[in-house]
Amino acid sequence: MRIGAIEAGGTKFVCGIGDEHGVIQDRISFPTEHPDRTLLKAVDYFRDKGVTAIGIGSFGPIDLRKDSPTYGYITTTPKPGWGNCNVVGTLRREFPVPIGWDTDVNAAALGELKWGAAQGLHSCVYYTIGTGVGIGLIAEGKRVHGLMHPEGGHIMTRRHPDDPYHGLCPYHGDCLEGMAAGPAIEARWGRNGSELAVDHPAWAMESFYLAEAITSSILLHSPQKVILGGGVMQQAHLFPMIRERVVRNLNGYVNAAQITEHIDQYIVPPGLGQQAGLCGAVALGLEALQHSAASVS
Ligand code: ADP
Ligand code: ZN
């Protein structure tokens with residue numbers, strides 16, 4: 001089976017072909033430019049690939065309401081050209097196959113549930129900490145949607161007592177993304193995170209903010225696995241720091257062995273590594289195919 005997959009990021013687009021086991025057979029990547037150009041490149045890539053479905057995990061905010069006239073659109077992004085952009089419709093015009101559509105982080109969470117670190121479970125939360133912060137959520141086996149979709153990157157956290165930084169979210173200033181995304185680290189410390197030593201105070205502060213959010217995720221949604229990906233999490237020494245702080249924050253209140261005894265297997269990197277987003281898009285395509293088969297049978 002050949003499922004087309006798109007990981008539509010604000011910085012780069014990744015397109016690929018995967019099978020029903022989530023194995024990626026081919027992939028290309030190109031920078032995200034004006035949608036006319038970028039979506040055309042995606043369409044060109046899939047043209048002779050014989051895909052039976054397509055899954056798209058996209059940066060957002062996006063419209064996921066099936067009954068909405070703008071279903072399949074990226075909605076209010078400030079990214080030039082992408083506001084009110086009909087992503088699903090553009091693909092649908094060219095490919096008469098089922099198309100799955102969700103946020104990049106919900107897609108990655110689904111991929112991890114199906115084939116990665118949360119395999120065999122029915123819930124997980126997936127964080128990406130990169131250019132922005134995004135949080136995808138699966139509960140009872142389903143991707144969580146609602147009014148629109150969770151936008152957990154913008155939640156408010158307590159402020160680190162030694163942090164005078166105002167935060168760089170254009171909407172909220174010091175929300176989680178404003179304080180903990182890669183560009184916030186760079187703005188606060190004057191150097192890119194990849195250049196900071198492992199004992200630099202930046203990392204204690206970073207793990208403070210991420211642990212604040214993860215503690216809230218655990219208390220709000222009780223996920224069976226917390227998965228942390230994105231460029232900033234390439235700093236692997238953050239994992240033990242975050243785990244320790246989460247345990248401290250919870251202070252024995254959530255009395256589950258996953259937290260009190262096996263936190264190192266509970267807060268983990270993506271099992272699918274850098275492929276989480278693309279595999280997630282394959283999983284979205286597969287789901288769309290299964291739904292369309294169920295609705296015609
Ligand atoms: P995107 O979020 O655009 O999809 P990434 O997940 O790669 O892409 O995140 C890019 C951000 O992560 C940048 O702000 C960059 O500074 C930061 N970053 C990338 N690699 C590292 C690293 N090894 N250590 C710390 N920060 C990093
Ligand atoms: Zn914000």
Side-chain angles (χ1 to χ4, degrees), residues 5-16 27 29-33 38 56-62 74-79 82 103-109 111-112 126-136 148-159 165-207 209-210 212-213 216 227-239 241-242 269-270 272-281:
I6 304 178
E7 186 184 0
T11 313
K12 67 177 194 296
F13 255 57
V14 186
C15 298
R27 59 178 274 160
S29 161
F30 41 89
T32 306
E33 299 168 319
T38 304
I56 309 169
S58 177
F59 75 94
I62 67 176
I74 293 176
T75 58
T76 53
T77 176
K79 201 170 165 55
W82 288 91
T103 61
D104 45 5
V105 275
N106 266 357
E112 287 291 319
Y126 181 97
Y127 279 62
T128 182
I129 305 107
T131 306
V133 176
I135 304 181
M148 39 184 270
H149 47 76
E151 275 287 355
H154 295 269
I155 61 171
M156 307 300 156
T157 69
R158 288 182 295 189
R159 177 173 273 274
Y165 181 56
H166 52 80
L168 54 55
C169 175
Y171 293 89
H172 318 112
D174 62 358
C175 67
L176 176 64
E177 177 171 301
M179 298 307 257
I185 299 175
E186 187 162 350
R188 186 190 281 109
W189 302 102
R191 263 192 295 161
N192 188 282
S194 58
E195 297 163 19
L196 298 174
V198 295
D199 59 354
H200 191 282
W203 302 122
M205 203 168 272
E206 183 69 9
S207 51
Y209 286 112
L210 294 175
E212 286 286 294
S216 295
I227 303 162
L228 308 180
V232 172
M233 292 312 300
Q234 288 183 43
Q235 299 287 332
H237 60 96
L238 279 172
F239 279 93
M241 297 170 87
I242 291 167
L272 300 168
Q274 308 278 21
Q275 304 266 49
L278 199 60
C279 288

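Numbers for residues simply follow the sequence, beginning at 1. Atoms within each ligand, like the ligands themselves, are counted from 1 in listed order. Note that the structure is a prediction, hence the values are computed from the model and not measured.
The contact set between ligand 1 and G193, taken as ligand atoms under 4.0 Å from a residue heavy atom, comprises 24 (N), 25 (C). Close contacts between ligand 1 and G230 involve ligand atoms 6 (O) [criterion: under 4.0 Å to a heavy atom]. Near S194, meaning under 4.0 Å from any of its heavy atoms, are these atoms of ligand 1: 22 (C), 23 (N), 24 (N), 25 (C), 26 (N). Listed by number with element, the atoms of ligand 1 under 4.0 angstrom from any heavy atom of T11 are 3 (O).
Residues A213 and I155 come closest through the heavy atom pair CB-CD1, 3.9 Å.
Not a single donor-acceptor pair under 3.5 Å links the side chain of E7 to the backbone N or O of D104. For the pair E177 (side chain) and G153 (backbone), a donor-acceptor distance under 3.5 Å is absent. Without hydrogens or angle criteria, H172 side chain to M156 main chain gives no donor-acceptor distance under 3.5 Å. The main-chain N or O of A197 is found under 3.5 Å from a side-chain atom of W203 such that the two form a donor-acceptor pair.
Distance check: N192 CG to I185 CD1 gives 8.0 Å after rounding to the nearest 0.5 Å. The structure places NE2 of H154 at 9.5 Å from CD1 of I135, a figure rounded to the nearest 0.5 Å.
Per-atom contact check: atom 4 (O) of ligand 1 does not touch the protein, criterion being a heavy-atom distance below 4.0 Å.
Scanning all protein heavy atoms for the shortest distance to atom 24 (N) of ligand 1 gives Q235 NE2, 2.8 Å. In this structure, atom 14 (O) of ligand 1 lies nearest to the protein heavy atom G182 CA, 3.3 Å. Counting only heavy atoms of the protein, atom 17 (C) of ligand 1 lies nearest to V232 CG2, 4.1 Å. Of all protein heavy atoms, the one lying nearest to atom 6 (O) of ligand 1 is G231 N, 2.8 Å. For atom 9 (O) of ligand 1, the nearest non-hydrogen atom of the protein is G130 CA, 3.1 Å.
Under a 4.0 angstrom heavy-atom cut-off, P183 registers as being in contact with ligand 1.
Looking only at its N/O/S atoms, H172 has ND1 as the one nearest to the Zn ion (ligand 2). Restricting H154 to its N, O or S atoms, the one at the least distance from the Zn ion (ligand 2) is ND1.
Checking only distances, T131 does come within under 3.5 Å of ligand 1, N or O to N or O.
Across the listed options T32, N192, V133, I129, N192 owns the non-hydrogen atom lying nearest to atom 16 (O) of ligand 1.
Crowding of K79 atom NZ: a count of heavy atoms from other residues, nucleotides or ligands under 6.0 Å exceeding 12. Q274 CD: 12 or fewer foreign heavy atoms inside a 6.0 Å radius.
Between E151 and P61 the shortest side-chain heavy-atom distance falls below 4.5 Å.
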